[in-house]
There are 2 protein chains.
Amino acid sequence: MEQLEKDIRSCGLRVTKQRIAIYDWLRNHPVHPTADVIWKALLPRYPDLSLTTVYNTVNVLAEHGLIRTVTIRAEEQRFDGNPADHGHFYCRSCQKVLDFDIDKPSVSSMLPAGCIAEKCDVFVTGLCDVCAE
Amino acid sequence: MEQLEKDIRSCGLRVTKQRIAIYDWLRNHPVHPTADVIWKALLPRYPDLSLTTVYNTVNVLAEHGLIRTVTIRAEEQRFDGNPADHGHFYCRSCQKVLDFDIDKPSVSSMLPAGCIAEKCDVFVTGLCDVCAE
DNA sequence: TGGTATATTGTAATCGTTACAAAAAGCAAC
DNA sequence: GTTGCTTTTTGTAACGATTACAATATACCA
């Protein structure tokens with residue numbers, strides 16, 4: 001609770017109940033929702049929340065590195081409450097998205113010479129363990 | 001020239017001059033253009049080419065694995081004439097995109113147990129060698 | 001407790017992309 | 001070649017996700 005406020009404040013942003021609600025929800029739901037999904041999920045508890053605010057907030061949070069943007073399908077943007085570098089596995093059969101840890105050094109070793117990595121996402125498509133049979 | 005036709009035909013697709021033009025252009029321009037960029041580039045030589053055809057064609061080619069879709073900025077889709085698994089480095093300073101080879105085995109070793117990788121993209125943001133100074 | 005900068009809201013606009021129906025072109029069989 | 005059927009292209013109109021904007025409300029520093 002307190003930590004979320006601190007995170008937001010430490011970016012020089014004002015603390016509002018909308019920002020806390022959205023940030024909190026993203027942190028506690030390890031799915032990769034669109035802005036619309038976040039909005040619909042919070043609407044019962046925050047009936048006045050506008051979709052525009054959700055868009056504004058996730059953009060601001062992502063800009064400051066508190067959350068991440070993820071592209072699963074090109075035509076819609078998704079968000080991830082986990083701001084650390086990690087990979088996403090997308091099962092083309094059941095459409096599930098699985099997070100996985102990545103080995104930063106081995107990714108860095110693949111980069112063109114002289115490039116400095118700041119943010120890194122590994123996106124793999126295929127079949128998950130359940131669908132693989 | 002001939003090979004492009006073969007590629008298209010081997011997917012069960014009809015060979016048209018629009019498809020050859022778009023596929024050929026993508027193969028020979030190692031940039032990561034949007035549909036709009038491809039369209040504008042080909043318009044002088046193919047004044048009747050419609051933007052809709054570019055969209056249709058890149059979607060069909062990508063479906064059959066002849067090209068790839070790449071997401072650099074979430075709000076627009078880009079295409080890549082190289083259909084092989086490879087990584088993209090995006091320089092946040094000069095906006096340049098560099099391709100790099102990826103080590104498939106080491107990426108596979110990061111995946112959740114039992115998952116079968118079919119397509120893989122590593123996307124890294126940071127500073128390129130020129131901007132790093 | 002005020003005053004001011006920042007955030008939220010709702011609506012309207014924008015942008016990239018796709019749906020659709022008519023016209024054109026590919027291609028296989030004759 | 002020519003025919004006929006199927007696929008592709010085209011242009012326009014629609015669509016959906018996202019953003020711009022101006023008015024209102026809120027956070028927070030003095």
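Treat the numbers as computed from the prediction; the structure is a model and nothing was measured. A note on names: the letters A, B, ... follow the listed sequences, proteins ahead of strands, and every chain is numbered from 1.
- At the phosphate of D:dT9, neither OP1 nor OP2 sits under 4.0 Å from any side-chain N or O atom of B:T53.
- Distance B:Y46 OH to D:dT8 P: 18 Å, rounded to the nearest Å.
- A donor-acceptor pair is defined here as one N or O able to donate and one able to accept, closer than 3.5 Å; no such pair exists between the side chain of B:R78 and the backbone of B:V70.
- For A:Y55, no side-chain nitrogen or oxygen approaches OP1 or OP2 of D:dT19 to under 4.0 Å.
- The nearest whole Å value for the distance from the CG atom in B:L61 to the P atom in D:dT8 is 11 Å.
- An OP1 or OP2 oxygen of D:dT10 is reached within less than 4.0 angstrom by a side-chain nitrogen or oxygen of B:Q18.
- Not one side-chain nitrogen or oxygen of B:T16 sits closer than 4.0 Å to the OP1 or OP2 atom of C:dA25.
- Position along DNA chain C of the nearest nucleotide to B:R14 versus B:A35 favours B:A35 as the more 5'-ward residue.
- B:I38 has its CD1 atom 14 Å from the P atom of C:dG16, to the nearest Å.
- Remark: B:D85 CG to B:E118 CD distance equals 10.5 Å, nearest 0.5 Å.
- Between the CD atom of A:Q77 and the P atom of D:dT19 there is a distance of 7 Å, given to the nearest Å.
- Among the atoms of the strands shown, only primed sugar atoms or phosphate atoms (P, OP1, OP2) are found under 4.0 Å from some heavy atom of B:R9.
- With hydrogens and angles ignored, a donor-acceptor pair closer than 3.5 Å exists between the side chain of A:T52 and the base of C:dT11.
- The interatomic distance linking A:L13 (CG) with D:dC28 (P) rounds to 10 Å, in whole Å.
- With 3.5 Å as the limit, one finds a donor-acceptor pair spanning the side chains of B:D7 and B:Q3.
- The distance from atom CH2 of A:W39 to atom P of D:dG16 is 15 Å, rounded to the nearest whole Å.
- Side-chain N/O atoms of B:D80 and B:H88 include a donor and acceptor closer than 3.5 Å.
- The backbone N or O of A:F123 sits nowhere less than 3.5 Å from a side-chain atom of B:D121 that would complete a donor-acceptor pair.
- With hydrogens and angles left out, the side chain of B:R19 and the base of D:dT8 share no donor-acceptor pair within 3.5 Å.
- Atom pair B:R73:CZ and C:dG16:P shows a separation of 9 Å (rounding to whole Å applied).
- Between A:N56 and C:dT8 there is no side-chain polar atom (N or O) within less than 4.0 angstrom of OP1 or OP2.
- Here A:V15 lies in heavy-atom contact (under 4.0 Å) with sugar-phosphate atoms only.
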